[in-house]
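FYI, side chains are in, hydrogens and waters are out, and symmetry mates aren't considered; it's all heavy atoms of this structure.
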Amino acid sequence: MKVYLKDGSVREYDKPVRVIDVARDIGQGLARCACAGEIDGKPVDLRTEVPDGSTVNILTFEDDYGRDAFRHSASHLLAQAVKRLYPNAKLAIGPPIDNGFYYDIDREEPFTPEDLAALEKEMQRIVKENIPIERFVCSREEALDRVKKEGENYKAELIENLPDDAEISFYTQGEFCDLCAGPHLMETGQLKAFKLMSLAGAYWRGSEDNKMLTRIYGTIFPSKKELKAHLERLEEAKRRDHRKIGRDMELFMMNDDGPGFPFFLTKGVTLKNTLIDYWREIHLRENYQEIQTPMILNQRLWETSGHWAHYRENMYTTTIDDETYVIKPMNCPGAMLVYNSKPHSYRDLPYRLAELGTVHRHEKSGVLHGLMRVRCFTQDDAHIFMTHDQMIDEIKRIVRLIDEVYLLFGFKYHVELSTRPESSMGSDEDWEHAINGLKQALEEMELNYVVNEGDGAFYGPKIDFHLEDSLGRTWQCGTIQLDFQLPERFDSEYIGADGERHRPIVIHRVAFGSIERFIGILIEHFAGKFPTWLAPEQIRILPVSDKFYEYGETIKKQLVAAGFRAEFDDRDEKLGYKIRAAQKDHIPYMLVVGADEEESGTISVRNRDKRAQTTITVDDFIQAVDKEIIDRQIELIDFSDGQSES
RNA sequence: GCCAUUUUAGCUCAGUAGGUAGAGCGCAUCCAUGGUAAGGAUGAGGUCGCGGGUUCAAUUCCCGCAAAUGGCUCCA
């Protein structure tokens, strides 16, 4: 028989071969790191027999499918160790994930960190034993019989839920046997470089109504070196954590008396205001009108909007003169009242009402996370009233605006389209119309997106923009939500060209999303080293000694007068100490002043990215940095580059 | 909300087999007047998360609560 390889070459065999045999035939090195295979482009297990005339490709850890197989085998390794040490533990599921794997386990006694150490040891033993991993298939009845005999009730449930035509396979390694679709490695010996990372609770089948199991997370790589590199990346991510940087740079703080309610310190407020200035600038350009609606409004209004029925559990309330009032969790009802406060002509549409609205939402205590997930945040909200015909163009316009904003900061993002959730209002036709509108806009703009079934708002479907934090976790920031319901409920209208009353459509949209969350992302993205235009402290003046305090102060005055955020370090310390401090505070520009500078009326500039310094006049410095800030550049100016060292 | 872990000085963290605690950084004062990533000396700082219980005595042991961290579920 003939087998074709990826490179076009042909191998001939006189008896049937499996994928792993082809790998061995190509080379022992490849066979050693083979994780899975591909036959005619279809991913397969290494044990799969190769049909005559097919094309075979060997997948390793470098390939997505191979990497999953590798990590999946690691989760079996963990499960085997668990069953050896704790025979009564029941296994649930154990898939590969980004950067590792996990296994969900049901055990009477809780696992402790010491158990993890013991498990790691046992896993190492199994690796050393280099146990062959084998696969077999059986009928549904045999499979059920087998797992039930072992008391593995979760596995039984899994089997019962498999589709009728599914092939039911098991993988065994030594005494351990697990229901699994595969693929897997050939033996346990390859799984050397792993580490169990953490314990967590996880609901069986992801539902809050089910029992909580213990999830053990682990990570694994083909070599110790790669594992070490990964652990170092995690350490680096920890250093970028916005909660740590936020505290160190005095941007914001938290306090037990207000869980989920961040306090912004003066530097954090500067950062926030700078973002808001930028936001106003682009929204003015885009013909938005800024409004502000009340923080507290009567319960009746929230019944009209549907929030009372669909969003009650997230809302804080208060009582005024024996009536219930709601502390707004969203800005939309207020915007509806503003729109309805006067008649509108079709000529006014799209009518764009923007609002930096601070909202309060009751979030479950366990979900709070620094600035990323809080109970009080400011949305850069807008509600756009328009005709059906304007819908697609308006959505595209907003997508472009959000893209412009994210591009300015150098963010990568991905887009999700969320459809109708269970608790929602409106007719199926409206929902379909709205979803198709969003899809059409995305497709016309040739934007890739994933569909998130059932994840829309209760009043309409949405497009979400997700940004990454330092650990690669993604957070929803921008969103565009289509709404046919609120105009109906609030009886909103406009007068058309025909002189008749018509119902407008509403778009809810945010670009930053929550300004707090956006700041969290910004901090981690830049690791605290903000571009100059955003930096709370842009320039720090460092006198060589107290003899030059006076000169330093004059420089500071000039800079402040020119509109910069400049500080003067008058601590009784040596220059090296002050530079180190400014560096750790991530100050973009350090200006050293001493005898030479005072005499020539200059400053020595040093930026935080480079050790080099250059002596220039204050005017030259002001001019250059002013332009940098106006252009909102990400990179600092390198004064040592192309500038004369006069 | 659920599971696990954690909570000691402004920050990072030691420590007490039950006898009211310690380091580094930071801060203050003094000396040194210094030229591009930490000069030296001295000193101040803690109700050991909060509330109960056991005990002659609790920061330490037990119980409850709160908050934080990592997840799950839920959402900007």
Taking O4'-C1'-N9-C4 for purines and O4'-C1'-N1-C2 for pyrimidines, is B:rG45 syn (within 90° of 0) or anti?
->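 Syn conformation here, the glycosidic angle of B:rG45 being no more than 90° from 0.
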Residue matched to [N] through Watson-Crick or wobble contacts both under 3.5 angstrom:
{"N": "B:rG64", "answer": "B:rC50"}
{"N": "B:rA58", "answer": "none"}
{"N": "B:rA28", "answer": "B:rU42"}
{"N": "B:rC2", "answer": "B:rG71"}
{"N": "B:rU16", "answer": "none"}

Go through [options] for me and flag the one nearest to the [X] side chain.
{"X": "A:Lys364", "options": "B:rA67, B:rC72, B:rU73", "value": "B:rU73"}
{"X": "A:Met212", "options": "B:rG70, B:rC72, B:rU36", "value": "B:rC72"}
{"X": "A:Arg247", "options": "B:rU69, B:rC72, B:rU12", "value": "B:rU12"}
{"X": "A:Tyr203", "options": "B:rG1, B:rG39, B:rA76", "value": "B:rG1"}
{"X": "A:Gln476", "options": "B:rG35, B:rA76, B:rG39", "value": "B:rA76"}
{"X": "A:Arg243", "options": "B:rC72, B:rG70, B:rG1", "value": "B:rG70"}
{"X": "A:Leu575", "options": "B:rG35, B:rU33, B:rG70", "value": "B:rG35"}

Under 4.0 Å between any heavy atoms, over every strand shown, what does [X] touch: base, sugar-phosphate, or nothing? Just pick one.
{"X": "A:Met197", "answer": "nothing"}
{"X": "A:Arg571", "answer": "sugar-phosphate"}
{"X": "A:Tyr102", "answer": "nothing"}
{"X": "A:Ala595", "answer": "base"}
{"X": "A:Gly366", "answer": "base"}
{"X": "A:Val592", "answer": "base"}
{"X": "A:Ala202", "answer": "sugar-phosphate"}
{"X": "A:Glu363", "answer": "base"}
{"X": "A:Asp572", "answer": "base"}
{"X": "A:Gly576", "answer": "sugar-phosphate"}
{"X": "A:Lys462", "answer": "sugar-phosphate"}
{"X": "A:Gly201", "answer": "base"}
{"X": "A:Arg373", "answer": "base"}
{"X": "A:Asn314", "answer": "nothing"}

Assign each of A:Arg608 and A:Tyr217 to its nearest nucleotide of RNA chain B by heavy atoms, then name whichever residue's nucleotide is nearer the 5' end.
->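 Closest to the 5' end, via its nearest nucleotide, is A:Arg608.
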Please figure out whether A:Leu199 or A:Pro110 has its closest RNA chain B nucleotide nearer the 5' end.
-> A:Pro110
Measure from [atom1] on [X] to [atom2] on [N] and round the result to the nearest Å.
{"X": "A:Ile216", "N": "B:rG71", "atom1": "CD1", "atom2": "P", "result": "16 Å"}
{"X": "A:Trp204", "N": "B:rC2", "atom1": "CH2", "atom2": "C1'", "result": "18 Å"}
{"X": "A:Arg611", "N": "B:rA37", "atom1": "CZ", "atom2": "P", "result": "5 Å"}

Under the criterion ring pair (Phe, Tyr, Trp, His ring centres under 6.0 Å), which of A:Phe465, A:Trp475, A:Phe377, A:Phe411 is the partner of A:Phe518?
->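 When A:Phe465, A:Trp475, A:Phe377, A:Phe411 are each tested with A:Phe518, the ring pair (Phe, Tyr, Trp, His ring centres under 6.0 Å) holds only for A:Phe411.
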Would you please determine if the base of B:rA4 is stacked by A:Phe111, with stacking meaning a centroid separation under 5.5 angstrom and planes under 30 degrees?
-> no
What integer number of Å spans the [atom1] atoms of [N] and [M]?
{"N": "B:rG45", "M": "B:rA23", "atom1": "C1'", "answer": "14 Å"}
{"N": "B:rU7", "M": "B:rG49", "atom1": "P", "answer": "8 Å"}
{"N": "B:rU47", "M": "B:rU59", "atom1": "P", "answer": "12 Å"}
{"N": "B:rU33", "M": "B:rA14", "atom1": "C1'", "answer": "38 Å"}
{"N": "B:rU36", "M": "B:rU20", "atom1": "C1'", "answer": "47 Å"}
{"N": "B:rG22", "M": "B:rU60", "atom1": "C1'", "answer": "16 Å"}
{"N": "B:rC11", "M": "B:rA17", "atom1": "C1'", "answer": "30 Å"}
{"N": "B:rC27", "M": "B:rA38", "atom1": "P", "answer": "16 Å"}

Whether A:Ser424 side chain and A:Arg420 backbone form a donor-acceptor pair below 3.5 Å = no
Aromatic contact, [X] with [Y] (centres under 6.0 Å):
{"X": "A:His362", "Y": "A:Tyr316", "value": "yes"}
{"X": "A:Phe221", "Y": "A:Phe194", "value": "no"}
{"X": "A:His586", "Y": "A:Phe526", "value": "no"}

Would you indicate, yes or no, if [N] has its OP1 or OP2 atom less than 4.0 angstrom from a side-chain nitrogen or oxygen of [X]?
{"X": "A:Gln583", "N": "B:rU36", "answer": "no"}
{"X": "A:Arg606", "N": "B:rA37", "answer": "yes"}
{"X": "A:Ser365", "N": "B:rG1", "answer": "yes"}
{"X": "A:His508", "N": "B:rA76", "answer": "no"}
{"X": "A:Tyr577", "N": "B:rG26", "answer": "yes"}

Check whether the side chain of A:Gln613 and the base of B:rG35 form a donor-acceptor pair under 3.5 Å.
->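 Under the 3.5 Å cut-off, the side chain and the base do not form any donor-acceptor pair.
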